[in-house]
Structure formats: structure tokens, C-alpha cells
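Report on the structure given below.
We're numbering straight along the sequence, starting at 1. One-based numbering, in listed order, for ligands and for the atoms of each.
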Amino acid sequence: EELPESQTAALLEKAKALRLRGDKVEQSLFNKRDSIELLSGDSTDGNDEDFINIENISSDFVLDMKYATKNNFLKEKVYSCAKCYVRDEVADALIEANRDFMKQGYKIKFFDCYRPHSVQKKMWKIFPNPGYVANPKGGSIHNKGAAVDITLVKLDGSEVDMGTDFDHFGKEAHHAYKDLSETTLNNRKLLRETMNKHGFRTIRTEWWHYNYKNSLKYKISDFTWECK
Ligand SMILES: C[C@@H](N)C(=O)N[C@H](C)C(=O)O
Ligand SMILES: [Zn+2]
């Protein structure tokens, strides 16, 4: 028996609210897990000087910084130039992960790295959904220089199919979404397992987003890099 339209709409609203609540709980659990690690590990203030331009220490990465173009969900070029800055220890872990990928015939391509807090505010204004954009109130791990948005390319630079474009804000981008070809699922798995091995964690809704462990110790930053 079909439900009346008003009841269907109410149920859909309820499901959406529950999903949003789930995303908030996930974020708060992530922060708690990070706090526990922080208590058991060494601590640093995480000043702006602890950032490094990844291209200064390795030429083995590919950069495709989407927010330095208009081809992104903001439809605006929010970075003056394409650079990938991350915290020193995150850079070390990325180099190790990339070494691992290269042994298997792939390398990391970056879509985004450190992201100034002011850009996070802009993103939230356009798309205030905590499943896909972190609330600038608490800040994104990108604002701390400890998250990266990435995919894989083959060693000759050719694309690897991950099933959706970068910043596809829908269920097809979730790790649990399995209605994809075996090759695509294997590509996502390779990315996930290798990144996990090197200290990076996934979030439920974005196959491209990786948070480095123990990132709560880092402060939110708003510096912008130089473009020459
Ligand atoms: C906007 C998207 N690329 C992203 O990074 N989302 C996460 C949740 C974030 O904003 O931290
Ligand atoms: Zn991200």
C-alpha cells in the first residue's frame, strides 16, 4: 500500500535528520579517538612553521589541486596557485605511502592538502552538510594540515577509476557503496589499505579523503602560501 505524499516527505526528512546526526556522531567519535591517542603520545603546538610544501621534498607526487581552479563544487578559484602544504610528519607518512604505491605501479595524485580556515568557512556556506564538508566551527583536519584528498594514477600518469569524480557528494562516493565494477572496488581498496597501513584514516562518505592519525594536537591555521 502506498503512503500519502505528506507522510513520505516526513519520513524522508526524518531519514535525512538521522543521517546528519550520524555524521555528527562520527565526527565527534573521531575527535575522541584522536584525544585518546594524544594523551598517550607526544604533543606539539603545531605552529605554522611545521608545514612543508610537499614538492620541496619529493617529485614523485602528481598535483591536481581542484580548488586552485574553477572546476570544483564552489565554482570558484579559491586558491591563488596550486600548492600542497601539509604538516612535516604527515609529509613523511605520505612519502612512505607513495613509496609503497610505486612498488605496486601507482602513485598519489593530490586534489587538496592543507586548506586555510577561511576557505572552509566559504565551503560551509555553500554546502553545510557535515557528511561532506567539515563545520568550520570545529574546523576540518585539512585546516590543521593533516588531511589530504587524493586518488591514484598509474606510473605513466594515466587515471585510475574510483567510481565517481572528486567531491561527488552522494552515496556512490561512500566506502560502503559496492555497486561498482570489481576493478573500481579493488582500486578503492588498494588506496584504503595502503593509506591505513601508513597511519591515515578514512571517513565514511568520501573515498578520496584521508585524515592522519593523532591530528588533534595541531592547531587550525589560516595562512596562505606564497605564489611566485
Ligand atoms: C570538501 C571535501 N573535499 C572535504 O575535504 N570534506 C571533508 C569532510 C572536510 O571538509 O574536512
Ligand atoms: Zn578532504
Requested in this report: Pick out which of N187, T151, T184 makes a side-chain hydrogen bond (donor to acceptor under 3.5 Å, both in side chains) with D161.
Outcome: T184
Query - Aromatic plane relationship, Y210 with F200 - under 30° parallel, 30 to 60° tilted, over 60° perpendicular - result: perpendicular
Query raised in the report: With H175, which of K189, R192, R204 fulfils side-chain hydrogen bond (donor to acceptor under 3.5 Å, both in side chains)?
Result: R192
Query raised in the report: Heavy atoms only: which of M123, E206, K66 is nearest to atom 4 (C) of ligand 1?
Result: E206
Query raised in the report: When D149 is tested against each of H142, K66, K109 for side-chain hydrogen bond (donor to acceptor under 3.5 Å, both in side chains), which residue passes?
Result: H142
Requested in this report: Please check if the side chain of Q120 supplies one atom and the backbone of N143 the other of a donor-acceptor pair under 3.5 Å.
Outcome: no
Report summary line: One finds that the ligand 1 atoms under 4.0 Å from a non-hydrogen atom of Y67 are 1 (C), 2 (C), 3 (N)
Query - Which residue and heavy atom of the protein sit nearest atom 5 (O) of ligand 1, plus the separation - result: R115 NH2, 2.8 Å
Report summary line: Looking only at protein heavy atoms, what sits closest to atom 3 (N) of ligand 1 is D167 OD1, 2.8 Å
Query - Heavy-atom gap W124 to ligand 1 smaller than 4.0 Å - result: no
Requested in this report: For the pair K83 (side chain) and E226 (backbone), establish whether a donor and an acceptor sit closer than 3.5 Å, ignoring hydrogens and angles.
Outcome: yes
Query raised in the report: Is there a heavy atom in D112 that sits closer than 4.0 Å to ligand 1?
Result: no
Query raised in the report: So, N211 versus H209: side-chain donor-acceptor pair below 3.5 Å or not?
Result: yes
Query raised in the report: Do F73 and M65 share a hydrophobic cluster (ILVMFWY, side-chain heavy atoms under 4.5 Å, transitive)?
Result: yes
Query raised in the report: So which of the N, O or S atoms of D149 lies nearest the Zn ion (ligand 2)?
Result: OD1
Query raised in the report: With backbone taken as N, CA, C and O and side chain as the heavy atoms from C-beta onward, which portion of Y132 lies under 4.0 Å from ligand 1: side chain, backbone, both, or neither?
Result: backbone
Query raised in the report: With a cut-off of 4.0 Å, which atoms of ligand 1 are near a heavy atom of A134?
Result: 8 (C), 9 (C), 10 (O), 11 (O)
Report summary line: Short version for T205: what comes under 4.0 Å of ligand 1, heavy atoms counted, is neither
Query raised in the report: S118 and D222: side-chain donor and acceptor closer than 3.5 Å?
Result: yes
Query raised in the report: Closest N/O/S atom of H209 to the Zn ion (ligand 2), by atom name?
Result: ND1
Query raised in the report: Of all the atoms in ligand 1, which lie at a distance below 4.0 Å from a heavy atom belonging to H209?
Result: 5 (O), 7 (C), 11 (O)
Report task. From the options G139, S140, A147, G138, select the one whose nearest heavy atom is closest to atom 11 (O) of ligand 1. Result -> S140
Query raised in the report: Any N/O/S atom, backbone or side chain, of D112 lying under 2.8 Å from the Zn ion (ligand 2)?
Result: no
